[in-house]
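Keep in mind that this is a model prediction, so the values were computed, not measured. Numbering of ligands and ligand atoms starts at 1, following listing order.
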Amino acid sequence: MDCLFCAIINGDIPSKKVYEDEYCYAFLDINPQAPVHCLVVPKAHISSADDITKENSTAVANIFVAIPKIAAELGLKNGYRIVSNIGEDGCQSVKHLHFHILGGTKLTENMA
Ligand code: 5GP
Ligand code: ZN
């Protein structure tokens, strides 16, 4: 499968790793939208949050267990935002489920 984030997880494309465990990989976004901008992806390919099922949900649950550790690693003591874009209207550009962790400043109240 031709998937950018699968290639990053496999190490075929270099990335700045922040965290890794059995189920997920976290790395810095190449085009940061905030002072701290990290992406967390499941190691198993899931196309988007719209493709989460009971069968693949363990990996997703694990991501949300990992996120507080990742946020601490990134020094986000004062809060942060988690975003996942889905499909055309959600402006998802990479079709491998990912959660953006954004922080390092007071974020805008706008979400759309
Ligand atoms: P989306 O728009 O799908 O929600 O988010 C995709 C994100 O992946 C974007 O924020 C974009 O900057 C990031 N991205 C795209 N290509 C690469 C890459 O090769 N390396 C890294 N680290 N991030 C990437
Ligand atoms: Zn993938």
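- Considering every non-hydrogen atom in both His96 and Ile9, the closest pair reads CE1-CD1, 3.7 Å.
- The heavy atom nearest to atom 24 (C) of ligand 1, considering only Leu102, Val94, Ile30, is found in Ile30.
- Under the 3.5 Å distance criterion, the side-chain polar atoms of Thr53 are matched with a main-chain donor or acceptor of Asn56.
- Using a 4.0 Å cut-off between heavy atoms, Phe99 makes no contact with ligand 1 at all.
- Short contacts between ligand 1 and Phe5, defined as distances under 4.0 Å to a heavy atom of the residue, involve ligand atoms 8 (O).
- Interatomic distance, Lys95 NZ to Asn85 CG, rounded to the nearest 0.5 Å: 9.5 Å.
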Expected list for residues 30-43: side-chain donor-acceptor pairs under 3.5 angstrom, two or more places apart:
residue: Gln33; atom: NE2; partner: Asn31; partner atom: O; Å: 3.4
residue: His37; atom: ND1; partner: Gln33; partner atom: N; Å: 2.9
residue: His37; atom: NE2; partner: Asp29; partner atom: OD2; Å: 3.4
residue: His37; atom: NE2; partner: His100; partner atom: ND1; Å: 2.8
residue: Lys43; atom: NZ; partner: Glu20; partner atom: OE2; Å: 2.9
residue: Lys43; atom: NZ; partner: Asp21; partner atom: O; Å: 2.8

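- Ligand 1 places these atoms under 4.0 Å from at least one heavy atom of Gln92: 3 (O).
- Annotation: Phe64 is in aromatic contact with Phe99 [ring centroid separation under 6.0 Å].
- Under a 4.0 angstrom heavy-atom cut-off, Cys91 registers as being in contact with ligand 1.
- Distance check, rounded to the nearest 0.5 Å: CD1 of Ile101 to CG of Leu74 gives 6.5 Å.
- The atoms of ligand 1 that sit less than 4.0 Å from any heavy atom of Asn31 are 12 (O).
- Atom CG of Asp12 has more than 12 heavy atoms from other residues, nucleotides or ligands within 6.0 Å.
- At the Zn ion (ligand 2), the vertex angle linking SG of Cys3 with SG of Cys6 is 120° (nearest 10 degrees).
- Without hydrogens or angle criteria, Arg81 side chain to Thr108 main chain gives a donor-acceptor distance under 3.5 Å.
- For His45, the N, O or S atom closest to the Zn ion (ligand 2) goes by the atom name ND1.
- Closest to atom 22 (N) of ligand 1, if we only count protein heavy atoms, is Leu28 O, 2.9 Å.
- Residue contact annotation: Lys95 has no non-hydrogen atom under 4.0 Å from ligand 1.
- Near Phe27, with a cut-off below 4.0 Å to any heavy atom, the atoms of ligand 1 are 21 (C), 22 (N).
- Among the heteroatoms counted here (N, O or S) of His96, ND1 is the one nearest to the Zn ion (ligand 2).
- With hydrogens and angles ignored, the 3.5 Å screen pairs no side-chain donor or acceptor of Asn62 with any backbone N or O of Thr58.
- Looking at ligand 1, you'll find an N or O of His100 within less than 3.5 Å of one of its N or O atoms.
- In this structure, Ile70 CD1 and Phe27 CZ are separated by 11.0 Å, a value rounded to the nearest 0.5 Å.
- Among Ile67, Leu102, Ile63, the one residue that satisfies the side chain to side chain contact (heavy atoms under 4.5 Å, CB included) test with Ile82 is Ile67.
- The shortest N/O to N/O separation between Leu4 and ligand 1 does not fall below 3.5 Å.
- Protein heavy atom at the shortest distance from atom 12 (O) of ligand 1 is Asp29 OD1, 2.5 Å.
- The residue from Lys17, His96, His98 that puts a heavy atom closest to atom 5 (O) of ligand 1 is His98.
- Of the protein's non-hydrogen atoms, the one nearest atom 2 (O) of ligand 1 is Ser93 OG, 2.9 Å.
- The closest approach between any non-hydrogen atom of Ile13 and ligand 1 is not below 4.0 Å.
- Heavy atoms of Ile8 approach ligand 1 to within less than 4.0 angstrom.
- In this structure, Ile52 CD1 and Ser47 OG are separated by 11.0 Å, a value rounded to the nearest 0.5 Å.
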